[in-house]
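One structure is given here, and the rest of the page talks about it.
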Amino acid sequence: MKVIRLRAGRERSLQRRHPWVFESSIEKGRADPGETVRVDSSEGQFLAWAAFSPSSQIRLRAWSFDPAERIDAAFFERRVAAALAMRARLAVDSDAVRLVHGEADGLPGLIVDRYGDTLVAQFGSAGVERWKAVLVETLLKQTGLSRFYERSDASVRGLEGLPEQTGWLAGDGATELTIREHDWRLSLDIATGHKTGYYLDQRDNRRRFAEVVRHFDCKKVLNCYSYTGGFSVAALAGGAERVISVDSSAPALQRAVQHVALNGFDAARHEARDADVNQTLRALLEAGETFDAIVLDPPKFAPTAAHAERAARAYKDINRLGLKLLAPGGLLFTFSCSGGVGLELFHKIVAGAGLDAPADGYILERVAAAPDHPQTICFPEGDYLKGLLVLKRG
Ligand code: SAH
């Protein structure tokens with residue numbers, strides 16, 4: 001077993017059970033991509049078993065902090081079993097569930113989503129890439145499923161020095177699927193959809209949106225960055241009379257239109273706009289339109305804290321425009337999925353947007369990703385999705 005020795009004073013993070021070690025913390029030692037290594041402090045004290053990643057800034061990802069644990073097939077079977085058991089206890093109201101959420105489930109870099117009878121995974125670190133065959137076998141066995149599709153085409157693969165890889169790992173057939181989320185039916189393509197096909201992390205927030213649209217009697221709703229219209233279906237289910245979905249992806253919008261029909265809503269209640277959100281918000285303001293509820297669910301403006309400042313301006317801009325477009329007493333459901341923007345900063349950004357609008361509002365709720373995308377105590381980076389439900393003051 002190869003040993004990687006850390007620099008003096010750099011053992012703190014692993015001692016706190018944070019799974020990452022950056023390249024700058026390493027004193028000496030090398031290994032192959034994904035190889036299991038023993039990580040020692042500068043004084044030679046055991047800290048963790050980890051996967052080595054020669055090309056990534058995150059040079060080590062810890063598998064285990066237990067000196068007695070062996071990193072073998074049985075280890076991965078146990079980790080997968082624990083992840084599945086946690087999801088079983090959550091009783092998610094959908095047949096599409098995130099089964100493995102990377103670091104939170106002790107499997108750094110691995111994302112596994114279940115869409116009905118199909119598993120879709122992203123192998124996003126050298127460690128899980130190396131153990132792919134074992135992981136695929138145990139996931140199939142433990143779920144009892146036979147279809148497994150790989151979507152290792154995210155940008156993190158490049159950072160890990162891994163080529164993009166997509167296609168069937170087991171089984172085959174149609175990549176176009178229909179899932180149930182709450183009372184709704186949604187379609188997706190696991191081969192071409194964003195991420196593994198759908199934004200499962202917003203599941204509970206979509207349901208909440210349907211509830212508040214009904215409760216606050218919102219008639220006119222604007223869904224910005226709609227993707228395939230999940231929040232639009234929610235708004236229609238909540239009784240909205242008119243919903244506009246805005247996204248810059250034409251295929252996503254086509255699906256949004258299909259989803260309105262698939263869920264039995266009158267097509268006349270929904271409009272899809274293939275456009276840039278920022279420009280659309282400005283155009284709607286100029287046209288003197290107002291809305292009773294607005295969703296702002298933009299893509300990741302700040303992947304890391306280094307991008308936070310530029311991202312903050314972009315978030316502030318859309319939130320300012322959104323607040324201006326809201327009728328008094330209207331609802332803003334605003335999100336950031338940037339790991340580099342914490343809840344406190346996001347709150348400040350929305351406060352700044354309110355000052356500039358000018359508008360004030362009550363923060364009714366603070367929300368996060370659905371619990372099948374768990375956050376853990378030791379890994380604050382896992383807290384990527386945050387949202388505020390704001391009621392504009394009259
Ligand atoms: N709310 C969605 C997920 C949104 S993901 C859901 O619940 O499923 C972010 C979306 O923003 C993507 O669909 C992407 O196509 C879109 N997007 C990115 N930049 C955009 C822009 N400048 N204008 C409009 N849409 C944009």
Side-chain angles (χ1 to χ4, degrees), residues 94 96 98 113 115 154-155 177-182 184-190 192-210 212-213 221-238 243-260 262-263 270-284 293-303 307 310-311 313-319 321-322 325 331-339 341 367-370 372-373 384-389:
S94 171
R98 173 145 303 183
D113 291 333
Y115 292 102
S155 54
L177 309 173
T178 301
I179 57 161
R180 177 190 67 80
E181 178 176 281
H182 316 303
W184 314 319
R185 310 263 297 155
L186 298 162
S187 69
L188 59 117
D189 192 323
I190 53 170
T192 58
H194 292 186
K195 306 223 271 188
T196 61
Y198 194 52
Y199 291 89
L200 297 177
D201 53 358
Q202 288 283 31
R203 179 196 310 112
D204 293 359
N205 299 325
R206 286 187 284 262
R207 183 189 48 208
R208 189 70 190 125
F209 191 56
V212 294
V213 162
V221 175
L222 180 64
N223 180 12
C224 298
Y225 308 97
S226 66
Y227 189 49
T228 58
F231 280 102
S232 302
V233 169
L236 292 167
V243 180
I244 303 179
S245 301
V246 186
D247 202 284
S248 54
S249 157
L253 280 176
Q254 268 171 24
R255 222 177 258 282
V257 170
Q258 287 167 17
H259 285 161
V260 172
L262 186 63
N263 289 282
H270 178 253
E271 179 192 338
R273 288 200 191 177
D274 179 355
D276 172 71
V277 162
N278 203 301
Q279 282 173 15
T280 305
L281 291 171
R282 287 169 202 277
L284 288 166
I294 299 179
V295 177
L296 295 174
D297 185 20
K300 196 163 31 179
F301 288 157
H307 305 81
R310 236 186 74 196
R313 280 198 294 277
Y315 283 122
K316 186 172 157 189
D317 219 25
I318 55 169
N319 279 280
L321 295 166
L325 270 171
L331 288 175
L332 179 68
F333 212 3
T334 181
F335 296 93
S336 162
C337 60
S338 295
V341 175
V367 299
D372 53 334
H373 301 59
Y384 68 104
L385 180 66
K386 64 264 330 167
L388 297 172
L389 178 63

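Ligands are counted one by one from 1 in listed order, and the atoms in each one are counted from 1 as well. All figures in this text were calculated on a predicted structure; none of them were measured in a lab.
Among all protein heavy atoms, the one lying closest to atom 23 (N) of ligand 1 is V277 N, 3.0 Å. Considering only non-hydrogen protein atoms, atom 6 (C) of ligand 1 sits nearest to R206 NH1, 3.5 Å. Nearest protein neighbour of atom 25 (N) of ligand 1, counting heavy atoms only, is S248 N, 3.1 Å. In terms of protein heavy-atom proximity, atom 13 (O) of ligand 1 is nearest to D247 OD2, 2.7 Å. For atom 9 (C) of ligand 1, the closest heavy atom belonging to the protein is D297 O, 3.7 Å. Here the heavy atom of the protein found nearest to atom 4 (C) of ligand 1 is Y225 O, 3.1 Å.
No side-chain heavy atom of Q202 sits under 4.5 Å from any side-chain heavy atom of V295.
In A252, neither the side chain nor the backbone holds a heavy atom less than 4.0 Å from any atom of ligand 1. In Y199, the part holding a heavy atom less than 4.0 Å from any atom of ligand 1 is the side chain. Here C224 has no heavy atoms under 4.0 Å from ligand 1, in either its backbone or its side chain.
The shortest heavy-atom distance from D276 to ligand 1 is under 4.0 Å. Remark: distances from the non-hydrogen atoms of G230 to ligand 1 are all 4.0 Å or more.
The 12-atom threshold is not exceeded at CZ of R310, counting heavy atoms of other residues, nucleotides or ligands nearer than 6.0 Å.
Between P299, A314, S232, G229, it is P299 that holds the heavy atom closest to atom 19 (N) of ligand 1.
Aromatic ring centres of F335 and F231: separated by under 6.0 Å. The six-membered or imidazole ring of F301 lies near that of Y315, with a centre-to-centre distance under 6.0 Å.
Against a heavy-atom cut-off of under 4.0 Å, H194 is close to the following atoms of ligand 1: 12 (C), 13 (O), 14 (C), 15 (O).
In this structure, the side chain to side chain contact (heavy atoms under 4.5 Å, CB included) partners of D276, at least two apart in sequence or on a different chain, are N278, Q279. Looking at residues two or more places apart in sequence or on another chain, you find a ring-ring contact (aromatic ring centres under 6.0 Å, His included) between H373 and H101.
A donor-acceptor pair shorter than 3.5 Å can be found between the side chains of S232 and S245. No donor-acceptor contact under 3.5 angstrom links the side chains of Y199 and D297, judged on distance only.
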